[in-house]
Amino acid sequence: MGKFLARRLLNYVVLVFLATSFAYLLAATNLYPRGYFEQMQPPPTPEAVNAQLDALNLNDQTPLAQRYTTWLGGVLQGDFGRTIQGGDVTDQMWMKAGVTLRLITVATLLGSAIGIAVGAYAAVRQYRRFDKAATGVSFFVLSVPTVVIALVVQVLAVAINDGLGFQLLRYSGEYSAGFDGAWWELLGNRIHHAILPTFVLAVALFAAFARYQRNMMLDVLNADFVRTAMAKGLTRRRALLRHALRTALIPTITYFTFTFGALVSGATFTEKIYGWHGMGAWLIDSIFRQDVHVVAAVSWFMAVTIMAASFLSDILYAWLDPRVRV
Amino acid sequence: MSTIEKSTEPAEAPTVPPAPNRLRDVTRQLLATRRVLVGIGILALLAVLAFVGPLVSGWEVGQRDFGALLEEPSADHWMGTNRTGQDIFTQSTAGLQKSLLIGLLVALLSTGVAALVGAFAGYFGGVTDKALMWVADLALVLPSFVILAILSKHFVGQGGWLVLVILLAAFSWMVTSKMVRGLTISLREREYIHAARFMGVPPHRIILRHILPNMSSLLIADATIMVSAAVIGETALSYFGLGVQSPDISLGVVIAAGSSFATTAPWMFAFPTVLLVLMVLAVNMIGDGLRDALDPMSTSRRS
């Protein structure tokens, strides 16, 4: 078991290294940092541009291999280089990661909890009205791109605010600029801003989880051990909760970790539309700013989260399901 | 003479039940699934709209009517105009056309790659399997969104959207290929595959002739789901200006242009969005129905 996990982990580390290197090389050859400096007003002299680029290790006149080794040397010591404006990428990355993780942790917990509850109940009531409604709703939601959900919710929020005459729903930014007050007021302000983006992410996740959990639950409902449990004299509710749902949750938990990892990049659109300065929004801005190091750092972060999630789901699965233990 | 002639004629065959015609069975099953029928109906209507719409609207794609800037739907402009006087109906239907094409091409390409990679990995096993699945793992880890966004400048110009199609396909074959590999491993030990192998049929022929046709239903259902995934991905990229680039136009581009006017000029946003949601919904209905109809394990699953 330990050997198996160690080999898995090593494989993941190699994959993360390759993915990040690939992203760096691609960004270094396709983005054009020189253009960023040349566009400045007043236009700097070519010497000044070169000096800037050299200082940042972004000069396209330096051979790519040399730039790559310099960058890699830094990364191995935990330094992801500098942003094109001269800031430290590593510092900023943890700040942005915090924003993203805050947003998606709440959203995945909320969405998956509701989704699991609805899906499991729908399976118990198969073909009844609740099941039909739940299946229909989740099917519809899954067919609407998150971008569209985010935009429609935003448009509705604007309409509601206009109708009420005051700002009931906040749809832009993480907190009100220049807002001042005691810590609980600040916290309240932040939560107020988080409601809509969290809701958008949670809705899409709810649909996916409801569908998944319903299928898993249906597989288990007719199993012999559930019948045995009821035959032993357990109430139907107890048999379903204790025996059926527990078993049906095992695959869902691994699905949960996987979703969480994928959502780091999946939340990009929601972040950008709602003006949250998280990883995804940072990535898109830095591509337009021709910022090679930020792009590489974000790729690293996304690869690491996906790998961590799938490693975690390997462990969880082995822990929860005795059949896969080796 | 006559005796020789007689001997070449096929002997009187004993009456056997007609060979099961898979295609006919599947078609019958599909037509019995209401979801699939509705989906095909909607998709057919959308396809007609996409290819005929830009021709009958009376306006060219990208043409500007400076007499009608940001105007509400009228007899002249069926779905209104945007800020630069472009006809929303024409733009949206032309965009729908491109989005449909992108979805179909990506699904075709990625399912093809997935089938080949998965089947070869599963059939040969050993080093081939390890190498191919490692490539699939790597492609899963690569941040596809980042790569597509970095390369977006190559989507400009004539045929640039084809590059987008290839890249979208390059990042969507992995999961299906793993599924195909699993199925191939179980098919590999069947008698008819053994028989073919002992008769000296080369491996690539066995894979193409015997293994892949046997999982065609799965592949078709999966390709359908892939269409909607590709369309959603394309829309998201285009929304940020990192997908289809002008002068090409896709639904994502039209929606992005309309989203900032969603409260002041709702027609700019509503029409393309409704088209997009309808298309994805129709494709999902077909794919979902197909999977139910074709997969014996999942019958009686859904209402």
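This one's a predicted model, so the numbers in the text were calculated from it and none came from an experiment. The chains referred to below are lettered A, B, ... by the order of the sequence lines, with proteins before strands, and numbering in each begins at 1.
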Original post:
Stepwise, does the side-chain contact (heavy atoms from CB on, under 4.5 Å) test hold for A:Leu151 with B:Ile255?
Top reply: CA-CA 10 Å; A:Leu151 285 172; B:Ile255 291 175; 4.3 Å; yes
**OP:** Verify side-chain contact (heavy atoms from CB on, under 4.5 Å) between A:Val148 and B:Leu276, making sure each step is shown before the conclusion.
**Re:** CA-CA 9 Å; A:Val148 172; B:Leu276 175 73; 3.8 Å; yes
Original post:
Could you state the interatomic distance from CD1 (A:Ile287) to CG (B:Leu242), rounded to the nearest 0.5 Å?
Top reply: 6.0 Å
**OP:** Heavy-atom pairs under 4.5 Å with chain B are the metric here; pick the option from A:Met307, A:Gln154, A:Met302, A:Gln290 that has the most.
**Re:** A:Met307
Original post:
Are more than 12 heavy atoms from other residues, nucleotides or ligands located less than 6.0 Å from atom CZ of A:Phe288?
Top reply: yes
**OP:** Counting only heavy atoms closer than 4.5 Å, note whether B:Thr235 contacts chain A via side chain, backbone, both or neither.
**Re:** neither
**OP:** Count the heavy-atom pairs under 4.5 Å between each of A:Val298, A:Leu283, A:Ile306 and chain B, then report the option with the highest count.
**Re:** A:Leu283
Original post:
Should the pair A:Phe269 and B:Phe145 be assigned to parallel (<30°), tilted (30 to 60°) or perpendicular (>60°) ring geometry?
Top reply: perpendicular
**OP:** Report the distance from atom OG1 of A:Thr29 to atom CG of B:Leu151, rounding to the nearest 0.5 Å.
**Re:** 8.0 Å
Original post:
Counting heavy-atom pairs under 4.5 Å to chain B, which of A:Ile273, A:Val304, A:Asp162 comes out on top?
Top reply: A:Ile273
Original post:
Looking only at heavy atoms, what is the nearest atom pair of B:Val146 and A:Ser299, with distance?
Top reply: CG1-OG, 3.5 Å
**OP:** Mind checking the CZ-CZ spacing from A:Phe139 to B:Arg35? Nearest 0.5 Å is all I need.
**Re:** 6.5 Å
Original post:
Do any of residues 13-25 of chain A have a heavy atom less than 4.5 Å from a heavy atom of chain B, and if so, which, in residue order?
Top reply: A:Val14, A:Leu15, A:Leu18, A:Ala19, A:Phe22, A:Ala23
Original post:
With a 4.5 angstrom heavy-atom cut-off, which part of B:Tyr239 approaches chain A: side chain, backbone, both or neither?
Top reply: side chain
**OP:** Write down the atom of B:Ile150, the atom of A:Leu26, and the distance for their closest heavy-atom approach.
**Re:** CG2-O, 4.0 Å
**OP:** Output the distance between atom CD1 (B:Ile232) and atom OG (A:Ser143), rounded to the nearest 0.5 Å.
**Re:** 7.0 Å
Subject >> Structural part of B:Met279 lying under 4.5 Å from a heavy atom of chain A >> reply: neither
Subject >> When B:Leu140, B:Val231, B:Leu138 are compared by non-hydrogen pairs under 4.5 Å with chain A, the top option >> reply: B:Leu138
**OP:** Give the minimum heavy-atom separation between A:Leu142 and B:Asn284, together with the two atoms involved.
**Re:** O-ND2, 4.2 Å
**OP:** Measure distances from B:Leu278 to the heavy atoms of chain A and classify the residue's part below 4.5 Å as side chain, backbone, both or neither.
**Re:** neither
**OP:** Find the one option among B:Val283, B:Ile147, B:Leu281 whose heavy-atom pairs under 4.5 Å with chain A are most numerous.
**Re:** B:Leu281
